[in-house]
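The structure appears below as structure tokens.
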Amino acid sequence: MGSIGIVGAGVAGMVAASRLARAWHRVVVLEGRDELGGRTRSRPVDGDVLELGGQMIASRHRRMRKLVAENGLHLRREQSGLGIIRWRGPQHTRGQAIPPARPRDLAAAIRLLLALRRGPADDRLSAAEWLRSARLTPALEDMIFPALAGMFCVDLDEVSAVQVLEFVDGLGGGIPCLLGGLGNHYRIVEGMSALHDRLAATLPEPVRLGSTVTHVGQDRAGVTLGCADGRSVEVDYAILCVPATAAIAFDPPLPEQSAYDAVTFAPATKVAAVVPRKRAWQAPGFVGGSPVIAGWRTRHVLYGFALNGAAQRSDEELVTDLLAGFALSPAEAERTEVIRWAQDEFTHGTYVHYRPGEMHLRTRLARPQGRVFFASAERSASWPIHMEGAAESGAMAADEISALAAP
Ligand SMILES: Cc1cc2nc3c(=O)[nH]c(=O)nc-3n(C[C@H](O)[C@H](O)[C@H](O)COP(=O)(O)OP(=O)(O)OC[C@H]3O[C@@H](n4cnc5c(N)ncnc54)[C@H](O)[C@@H]3O)c2cc1C
């Protein structure tokens, strides 16, 4: 019987593995960490879950929503659209209500929405340059820049305008994105880790945890996956469902190595605080401020993103700033987590931002080499920073191999 090695047990890897197992292929899943989920892992908290990484599923993320339903889990709708969240201007600590728009702000907003409808910008432009070309007013700039930077986890000078415009387009365009797409989303009630556990239960063999692949060799007969502990696994085909930033040596070398050398993930930090359930809430989220640039909450967990500058800030400073955005004091946190994704040895950041002129990397990273295929969010043509993209990419790679390998 032919065998397929899957490296990485995040969304892409688990989707690929369970799809291949259902088609009666023999799959061996190797995961470097001691747990499943990669960038989507949860921790139980009283009556809720705390998500260390990805959590929001947009209504347009049909593949993820189907996956959740098929695996007997439940989605809860969360709302924190720009209409109801609070805004922290550069001089604020607490979130404030968005001030009434002046006529010139409205005119600039209309100019921006019209520009969004014109379609893809020049990839050589950064998102910041493109937005400035729409002649935003300072008030609008103070809202839109942090909202998008919070979403991409980097300053907008660092992202291609095309990537940002594709993202807005994917959520249905400017108005739906601002009013609903960014805020109207779902999350898995049982937590992301529950989804991975359910997917793992569909596999005939347990995932081999603590198996970091360092070498991938291939010849006409098959693929060898060499692990850091000296063991190796021989398979007919492999899908590397690891972030494009993973340090793995290939023999023969990858023709697209220069794309791997160039790709960058945002060095952001996710800050979370569990607060008492009965605490009265000011708002479901805020945008703007520093070091936490955007915050949102689920039932009684507050979350926020801090960008690169947070590297110099202590955990306490980050948590204090997150709570301040919701007008809460540090004493009100029952539990806190600060996840510095830039220091994560398996990911080296949160997710991809294609710099100006670098959108071409995406297709190059997805290119298979002989018997070795690749899958992960950043390799997806439609949702490169989302779980939806990881699920799509994992499913596509599994289908390509299924067509080649006899079960
Ligand atoms: C803080 C944060 C917040 C996010 N928020 C959202 C959100 O709200 N909504 C959304 O849709 N997306 C969000 N994302 C993005 C989303 O989580 C990712 O796009 C998606 O989970 C990526 O899945 P993946 O399978 O491609 O990669 P990963 O989840 O990174 O999985 C890759 C797996 O490979 C393993 N691995 C790596 N190297 C090796 C190796 N050498 N050997 C063996 N195993 C290896 C890793 O440990 C990992 O388990 C967020 C991400 C982060 C970090």
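We use all heavy atoms of the structure for the numbers below, so side chains are in, but hydrogens, waters and symmetry mates are not. Remember, it's 1-based here, ligands and their atoms both numbered in the order they're listed.
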| task | Classify the contact between Trp383 and ligand 1 as side chain, backbone, both or neither, using a heavy-atom distance cut-off of under 4.0 Å. | result | neither

| query | What orientation do His386 and Phe167 show, parallel under 30°, tilted 30 to 60°, or perpendicular over 60°? | reply | parallel

| message | Quick check on contacts: which atoms of ligand 1 are under 4.0 angstrom from a heavy atom of Gly10? | response | 25 (O), 29 (O), 31 (O), 33 (C), 49 (O)

| task | Return yes or no for this condition: an N or O of Val213 is under 3.5 Å from an N or O of ligand 1. | result | yes

| note | Residue, atom and distance of the protein heavy atom nearest atom 21 (O) of ligand 1 read Thr40 CG2, 3.4 Å

| note | In ligand 1, the atoms that come under 4.0 Å of a heavy atom of Ile385 are 12 (N), 13 (C), 14 (N), 15 (C), 19 (O)

| Atom indices of ligand 1 within 4.0 angstrom of Ser211 heavy atoms, with elements | 42 (N), 43 (C)

| Residue pair Ser18 / Arg198, side-chain donor-acceptor N/O under 3.5 Å | no

| note | Residue, atom and distance of the protein heavy atom nearest atom 25 (O) of ligand 1 read Ala12 N, 2.9 Å

| task | Look up atom CH2 in Trp383 and atom CZ in Arg60, then write down how far apart they are to the nearest 0.5 Å. | result | 7.0 Å

| said: Looking at Tyr186, I'd like to know if the NZ or CZ of Arg65 sits under 6.0 Å from its six-membered ring centre while staying within 45 degrees of the ring's axis. | reply: yes

| task | For the residue pair Tyr351 and Phe305, categorise the inter-ring angle as parallel (less than 30°), tilted (30 to 60°) or perpendicular (more than 60°). | result | perpendicular

| request: Please identify which atoms of ligand 1 are closer than 4.0 Å to at least one heavy atom of Val11. | output: 25 (O)

| query | Is it true that Ala268 lies under 4.0 Å from ligand 1, counting heavy atoms only? | reply | no

| Which residue holds the protein heavy atom closest to atom 44 (N) of ligand 1, what is that atom called, and what is the gap in Å? | Gly32 N, 3.0 Å

| Who's the nearest protein heavy-atom neighbour of atom 39 (C) of ligand 1, and how far? | Val242 CG1, 3.6 Å

| request: Mind running salt bridge (charged side-chain N to carboxylate O under 4.0 Å, His left out) on Glu70 and Arg19 for me, showing each step along the way? | output: CA-CA 13 Å; Glu70 278 172 359; Arg19 207 170 171 96; over 6 Å; no

| What residue among Phe286, Trp296, Tyr303 forms ring pair (Phe, Tyr, Trp, His ring centres under 6.0 Å) with Phe326? | Phe286

| query | For Arg22 and Thr202, what are the C-alpha separation, side-chain angles and deciding distance, and is it a side-chain contact (heavy atoms from CB on, under 4.5 Å)? | reply | CA-CA 8 Å; Arg22 262 187 299 157; Thr202 66; 5.8 Å; no

| field | Which residue and heavy atom of the protein sit nearest atom 51 (C) of ligand 1, plus the separation | value | Tyr351 CD2, 3.4 Å

| request: Check the pair Asp236 / Arg26 against salt bridge (charged side-chain N to carboxylate O under 4.0 Å, His left out), numbers first and verdict last. | output: CA-CA 10 Å; Asp236 293 330; Arg26 180 178 168 239; over 6 Å; no

| message | What protein heavy atom lies closest to atom 5 (N) of ligand 1? Include the residue and the distance to one decimal. | response | Gly54 CA, 3.2 Å

| query | Which atoms from ligand 1 have a heavy atom of Ser376 less than 4.0 Å away? | reply | 26 (O)

| Per-atom contacts, ligand 1 versus Gly37 - under 4.0 Å to a heavy atom | 29 (O)

| task | Mark yes when over 12 heavy atoms from residues, nucleotides or ligands other than Arg124 sit less than 6.0 Å from its CZ; otherwise mark no. | result | no

| said: Glu31 versus ligand 1: do any nitrogen or oxygen atoms come within less than 3.5 Å of each other? | reply: yes

| message | For Glu388, give me all partners under salt bridge (Lys or Arg N to Asp or Glu O under 4.0 Å), at least two apart in sequence or on another chain. | response | none

| Heavy atoms, side chains only, cut-off 4.5 Å: are Thr264 and His353 in contact? | yes

| query | With a cut-off of 4.0 Å, which atoms of ligand 1 are near a heavy atom of Ile248? | reply | 41 (N)

| said: Looking only at distances, can you tell me whether any N or O atom of Ala377, backbone or side chain, sits closer than 3.5 Å to an N or O atom of ligand 1? | reply: yes

| For Cys153, is the nearest heavy atom under 4.0 Å from an atom of ligand 1? | no

| field | Option from Met56, Arg41, Met192, Arg187 for which side chain to side chain contact (heavy atoms under 4.5 Å, CB included) with Glu51 holds | value | Met192

| said: Can you check which of Gly8, Gly38, Ala247, Cys241 brings a heavy atom nearest to atom 32 (C) of ligand 1? | reply: Cys241

| Can you tell me how far CE of Met64 sits from CD1 of Ile188, rounded to the nearest 0.5 angstrom? | 5.0 Å

| request: Could you tell me whether Ile339 approaches ligand 1 through its side chain, its backbone, both or neither, with non-hydrogen atoms closer than 4.0 Å? | output: neither

| Based purely on interatomic distance, does Arg33 place a nitrogen or oxygen under 3.5 Å from a nitrogen or oxygen of ligand 1? | yes

| said: Counting only nitrogen or oxygen atoms and a 3.5 angstrom limit, does Gly13 reach ligand 1? | reply: no

| message | Checking contacts here: is it the side chain or the backbone of Val7 that comes within 4.0 Å of ligand 1, counting heavy atoms only? Could be both or neither. | response | side chain

| query | Quick one: nearest non-hydrogen protein atom to atom 23 (O) of ligand 1, plus distance? | reply | Ala390 CB, 3.4 Å

| task | Mark yes when over 12 heavy atoms from residues, nucleotides or ligands other than Arg231 sit less than 6.0 Å from its CZ; otherwise mark no. | result | no

| message | Suppose we measure from atom 28 (P) of ligand 1 to each protein heavy atom; which comes out shortest, and what is that distance? | response | Arg39 NE, 3.5 Å

